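Data first, discussion second: the structure below is written as structure tokens.
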Number of protein chains: 2
Amino acid sequence: MAGPHPSTTDSRHTPRGRIDKRNAILEAAFAVFARDGYAKASVDAIADAAGVAKPTVYNHFGGKEGLFRQAVSTTAERATARSLAVVHGLGSDVDDLAHALREVGYRLLLCYTSEEAWALRRLLHAEISRFPDVFDTVRGSGPDQFSEALADRLARLALAGRLRLEDPVRAAEQFVALLTGPVEGRSALGTRPVSDQELRDTVAAAVETFTRAFAVPRGRLGDGPSSGQEAAL
Amino acid sequence: MAGPHPSTTDSRHTPRGRIDKRNAILEAAFAVFARDGYAKASVDAIADAAGVAKPTVYNHFGGKEGLFRQAVSTTAERATARSLAVVHGLGSDVDDLAHALREVGYRLLLCYTSEEAWALRRLLHAEISRFPDVFDTVRGSGPDQFSEALADRLARLALAGRLRLEDPVRAAEQFVALLTGPVEGRSALGTRPVSDQELRDTVAAAVETFTRAFAVPRGRLGDGPSSGQEAAL
DNA sequence: GTCCTTTTGAACTGGTGAGTTCATTCTTCA
DNA sequence: TGAAGAATGAACTCACCAGTTCAAAAGGAC
């Protein structure tokens with residue numbers, strides 16, 4: 001954060017051990033916070049889990065609060081990056097649109113239902129009233145960015161004459177909602193495992209509904225846009 | 001719950017003051033738990049907020065844990081009852097289907113975005129790992145029941161030839177997801193107010209998508225089912 | 001008025017945890 | 001090898017809080 005370490009790779013003032021410890025602490029901190037919640041998590045437990053002495057934690061992060069912010073932010077950024085990578089895999093020149101959406105949807109749902117993602121969501125829900133800024137940090141370069149990226153892809157598909165959209169952002173929100181909404185309830189907020197089959201069924205149903213609502217029916221065997229619908233955008 | 005009080009209205013062994021105090025404690029407890037989280041909420045603060053002495057709390061609920069369970073369960077039942085009432089207002093003989101869905105959707109979203117509902121959801125997320133049974137209690141007579149009720153109504157609409165559904169439960173899940181998913185993000189998990197216009201826009205978009213996917217197009221001015229689609233169920 | 005239950009206030013115990021201090025040890029690099 | 005910064009462990013302070021105890025006070029029911 002505001003430590004005396006220059007951001008460039010300076011071998012003189014950034015001992016290699018420090019970064020390892022820092023990462024170990026962040027990892028352990030997230031795990032303990034996720035398991036016990038902010039209030040019940042003790043700095044001693046985190047230090048133990050990280051294999052580090054308590055004062056080291058205070059050296060690096062100042063206190064429990066700073067540690068929490070850093071741990072959550074770091075994990076959130078990692079999770080967002082994973083989801084973004086999935087969205088970027090959605091091209092606009094796909095052959096079988098429903099198949100492509102199922103593929104992306106399934107991978108997104110895997111991200112969404114990962115243990116880490118559940119823990120992150122639980123923590124955010126739990127502590128958002130005490131740390132509103134953490135939510136802003138996560139959103140600042142988080143799902144907002146993610147939502148935009150997905151909206152971009154959908155807009156491309158609309159331009160390519162494959163989707164009929166008025167509002168790409170709204171459509172992206174709805175696509176994600178159709179994917180994740182049904183899973184939220186079925187997995188008891190992530191505390192019960194969801195079978196892969198259930199995941200795939202949910203994805204299939206979501207894509208079915210989404211395409212019924214938004215997909216442009218294709219002329220038989222034609223692979224280029226033929227209806228001129230894309231000119232309207 | 002298992003107290004020495006008969007369930008009938010027995011004026012002899014149920015002093016009127018007790019129930020008032022009990023309710024006051026439950027209300028104050030939910031408020032304090034919602035504000036501070038389980039771990040940081042103190043029984044003293046709850047007793048103060050309820051205008052009651054600390055031992056009284058222990059007389060009624062045994063301890064912090066029992067108090068938490070009761071407070072959350074009670075609030076959850078109230079919230080579920082409200083949502084159920086809205087769903088029961090959805091008839092199967094409506095004239096303008098989209099209009100009826102918007103009406104129900106809007107009212108559901110009002111339930112969903114109430115301060116109490118947000119607090120409840122935050123609490124559940126926060127403490128589900130420590131109190132899994134509370135979630136089960138809430139679900140036992142909660143959203144499960146709610147989901148079933150909505151599915152029933154949609155099945156009726158399908159029978160009336162207004163919707164084309166394979167799986168009413170799935171459709172109900174998706175309807176709710178389309179309503180609530182977009183709001184979740186926009187309101188920062190309930191910590192930022194959402195304008196009524198935004199709510200209505202979300203409802204309109206959700207119903208638009210839902211009807212595009214599931215509504216049976218009606219013959220002009222005809223108000224009876226004419227396609228015989230309902231015979232398939 | 002009398003009996004019985006509930007409530008009250010206040011003090012007390014025991015446990016837990018954040019954050020600090022400091023002398024000692026480790027690591028890294030010159 | 002020697003110097004400097006980092007990490008360590010252990011003890012310590014201070015605050016907060018769950019749960020208990022108990023004698024005194026309400027508050028109805030008869």
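Note that the coordinates shown come from a computational prediction; the quantities given were computed from them, not determined experimentally. Naming: A, B, ... by sequence-line order, numbering from 1 per chain. What's counted below: heavy atoms across the whole structure, side chains too, no hydrogens, waters or symmetry copies.
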Under-4.0 Å side-chain N/O to phosphate OP1/OP2 contact, A:Lys21 with D:dT8: yes
Sugar-phosphate only, base, or nothing, as touched by A:Gly51 at under 4.0 Å among non-hydrogen atoms: sugar-phosphate
Phosphate contact (D:dA7 OP1 or OP2) by A:His60 side-chain N/O below 4.0 Å: yes
Within 6.0 angstrom of B:Arg82 CZ, more than 12 heavy atoms from elsewhere: yes
Interatomic spacing from CD1 in A:Ile128 to CZ in A:Phe135 - rounded to 0.5 Å: 4.5 Å
Atom pair distance, as rounded to whole Å: CZ in B:Arg22 and C1' in C:dT6: 15 Å
Spacing between A:Tyr38 atom OH and C:dA18 atom C1', to the nearest angstrom: 9 Å
Phosphate-side-chain proximity, B:Thr56 and C:dT7, N/O vs OP1/OP2 below 4.0 Å: no
Length of the CG-P vector between B:Leu67 and D:dG19, whole Å: 10 Å
A:Glu103, CD atom: more than 12 neighbouring heavy atoms under 6.0 Å: yes
Separation of atom CG in B:Asp36 from atom P in D:dA18, rounded to whole Å: 11 Å
Heavy-atom side-chain contact between B:Thr113 and B:Leu199 under 4.5 Å: yes
Value in whole Å for how far the C1' atom of D:dC16 lies from CG of B:Asp48: 15 Å
Gap between atoms CG and P, on B:Asn59 and D:dG19 respectively (whole Å): 14 Å
Exam field: side chain A:Arg139 to backbone B:Gly185, donor-acceptor pair closer than 3.5 Å: yes
Candidate nucleotides C:dT8, D:dA18, D:dA7, ranked by approach to the side chain of B:Tyr58 - the nearest: D:dA18
Taking only distance into account, with no hydrogens and no angle test, what donor-acceptor pairs under 3.5 Å do side-chain atoms of residues 28-52 of chain A form with protein atoms, sequence neighbours excluded?
residue : atom : partner : partner atom : Å
A:Ser42 : OG   : A:Ala45 : N            : 3.0

Sub-4.0 Å heavy-atom contacts from residues 39-47 of chain B onto DNA chain D, ordered by number: B:Ala41, B:Ser42, B:Val43, B:Asp44
Ion pair check, A:Arg200 and A:Asp196, cut-off under 4.0 Å: yes
Between C:dA18 (P) and A:Phe61 (CZ): distance, integer Å: 16 Å
Atom pair distance, as rounded to whole Å: NZ in A:Lys64 and P in D:dA15: 18 Å
A:Asp133 with A:Arg69: basic N within carboxylate O range, under 4.0 Å: yes
4.5 Å side-chain heavy-atom contact, A:Glu65 and A:Phe68: no
Please produce a list of atom pairs where a protein N or O lies less than 3.5 Å from an N or O of nucleotides 9-12 of chain C.
none

